Amino acid sequence: MSTDETTIARLRAGDEGAFRELLARHHANLVRFARTFVSSPATAEEVAQETWLAVLKGLEGFEGRSSLKSWIYSILANRARTRAVRDGRLVLFSEMSDGDDDEPAVDPARFDAAGHWHLPPRPWDDLTPERLAASTQIRERLTAALEALPEAQRAVVMLRDIEGCSSEEACNVLGVSETNQRVLLHRARSRLRRALEPVMERGGRAP
């Protein structure tokens, strides 16, 4: 039995511990994801709470055609869109336009006149999950950089790189094409890398 199947079986059996584990694992990121659609942290929290109620009510009908995580995020995205429209906030995720169509993935100043690297990227081979977790400054910089991303980029990178959703799952949750999803993910990762490079140059230490 897969992890999802085990979790669903426990939830359907009324196991409160399983629900608490699910909350601990996903609630904070669900609220952050909801902020992509709605205008305030308080509204995002309300949408996340509504999502959990919908999850509990819909468990019996969940057929496992997607991962449990993807299903939860799809519920949240639908409820957040509805709330955004009700609050007069138009979010056209079907177009996923973030206003950065001409944004270069890498700052042109990092190349010389011949097109070669003037300031090459620092190798990140040693940027392990353990090192990231151990560095408060890197974690804080990453969080700030994530919040600073355009909404469309933040939505995609959260689903792909934070929640580990597949490309297909991210497209389904957001209702976007594979091409748009891929471009936005590349832009988001490039911005996050640029934000982290100064800290990485110091080895994760404060200046």
Side-chain angles (χ1 to χ4, degrees), residues 21-45 47-48 51 67 69-70 72-74 76-77 80 91 93 96-110 117-171 173-174 176 180-207:
E21 291 170 9
L22 209 59
L23 277 173
R25 192 179 309 134
H26 297 297
H27 183 74
N29 281 340
L30 284 173
V31 173
R32 186 176 291 114
F33 186 70
R35 283 286 285 122
T36 305
F37 300 86
V38 300
S39 58
S40 73
T43 302
E45 179 67 37
V47 169
T51 297
S67 68
K69 176 170 52 186
S70 175
I72 293 172
Y73 270 85
S74 293
L76 181 133
V91 182
F93 274 75
M96 293 297 278
S97 173
D98 60 13
D100 289 326
D101 292 340
D102 298 322
E103 177 191 16
V106 180
D107 184 353
R110 301 185 69 167
W117 283 108
H118 173 60
L119 294 171
R122 183 181 186 275
W124 282 25
D125 293 341
D126 57 349
L127 185 55
T128 62
E130 292 77 13
R131 182 178 177 186
L132 277 172
S135 173
T136 300
Q137 189 180 21
I138 291 176
R139 186 167 61 250
E140 290 175 351
R141 177 66 66 90
L142 182 59
T143 298
L146 181 65
E147 294 296 332
L149 289 174
E151 294 168 343
Q153 293 180 19
R154 185 168 70 248
V156 173
V157 83
M158 282 191 66
L159 290 174
R160 293 298 309 280
D161 292 342
I162 296 178
E163 289 298 336
C165 292
S166 67
S167 173
E168 181 180 3
E169 287 175 329
C171 290
V173 169
L174 296 171
V176 300
N180 282 345
Q181 183 270 154
R182 185 170 59 250
V183 170
L184 288 163
L185 181 62
H186 173 69
R187 288 176 179 167
R189 286 173 172 171
S190 296
R191 283 185 174 218
L192 293 176
R193 182 184 182 112
R194 289 200 299 270
L196 283 176
E197 274 191 330
V199 184
M200 294 305 302
E201 290 294 338
R202 298 191 297 269
R205 296 184 299 276

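Since the model is a prediction, treat every value here as computed from it, not as a measurement. Computation of the quantities below employed the complete heavy-atom set of this structure, encompassing side-chain atoms and omitting hydrogens, waters and symmetry-equivalent molecules.
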Apply side-chain contact (heavy atoms from CB on, under 4.5 Å) to residues Asn180 and Val156 and explain how you reach the verdict.
CA-CA 10 Å; Asn180 282 345; Val156 173; over 6 Å; no
Looking at every non-hydrogen atom in both residues, tell me the closest pair between Leu30 and Ala48 and how far apart they are.
CB-CB, 4.5 Å
Taking all non-hydrogen atoms of both residues, which atom of Gln181 and which atom of Ala170 are closest, and how far apart?
CG-CB, 4.3 Å
Side chain to side chain contact (heavy atoms under 4.5 Å, CB included) against Arg32, all qualifying residues, sequence neighbours excluded:
Asn29, Leu146, Glu147, Met158
Just how far is it from atom CZ of Arg189 to atom CZ of Arg194, taken to the nearest 0.5 Å?
14.5 Å
Heavy-atom pair of closest approach, residues Val157 and Ala188
CB-CB, 3.8 Å
Considering all heavy atoms, the nearest Ala44-Val31 contact
CB-O, 3.5 Å
Separation between CD1 (Ile72) and CZ (Arg25), nearest 0.5 Å, reads 8.5 Å
Under a 3.5 Å distance rule, please check whether Arg191 uses its side chain to pair with a backbone N or O of Ala145 as donor and acceptor.
no
Here the pair of heavy atoms bringing Arg141 nearest to Ala195 is NH1-O, 2.8 Å
For Leu149, is there any backbone N or O sitting under 3.5 Å from a side-chain donor or acceptor partner on Arg154?
yes
Taken in chain and number order and not counting sequence neighbours, the residues that satisfy side chain to side chain contact (heavy atoms under 4.5 Å, CB included) with Ser40 are Ala42, Thr43
Just to verify, what does Ala77 make a side chain to side chain contact (heavy atoms under 4.5 Å, CB included) with, not counting sequence neighbours?
Phe33, Phe37, Arg81, Val173
Would you say Gln153's side chain and Pro150's backbone share a donor-acceptor pair under 3.5 angstrom?
no
Does His27 reach the side chain of Glu45, with side-chain heavy atoms less than 4.5 Å apart?
yes
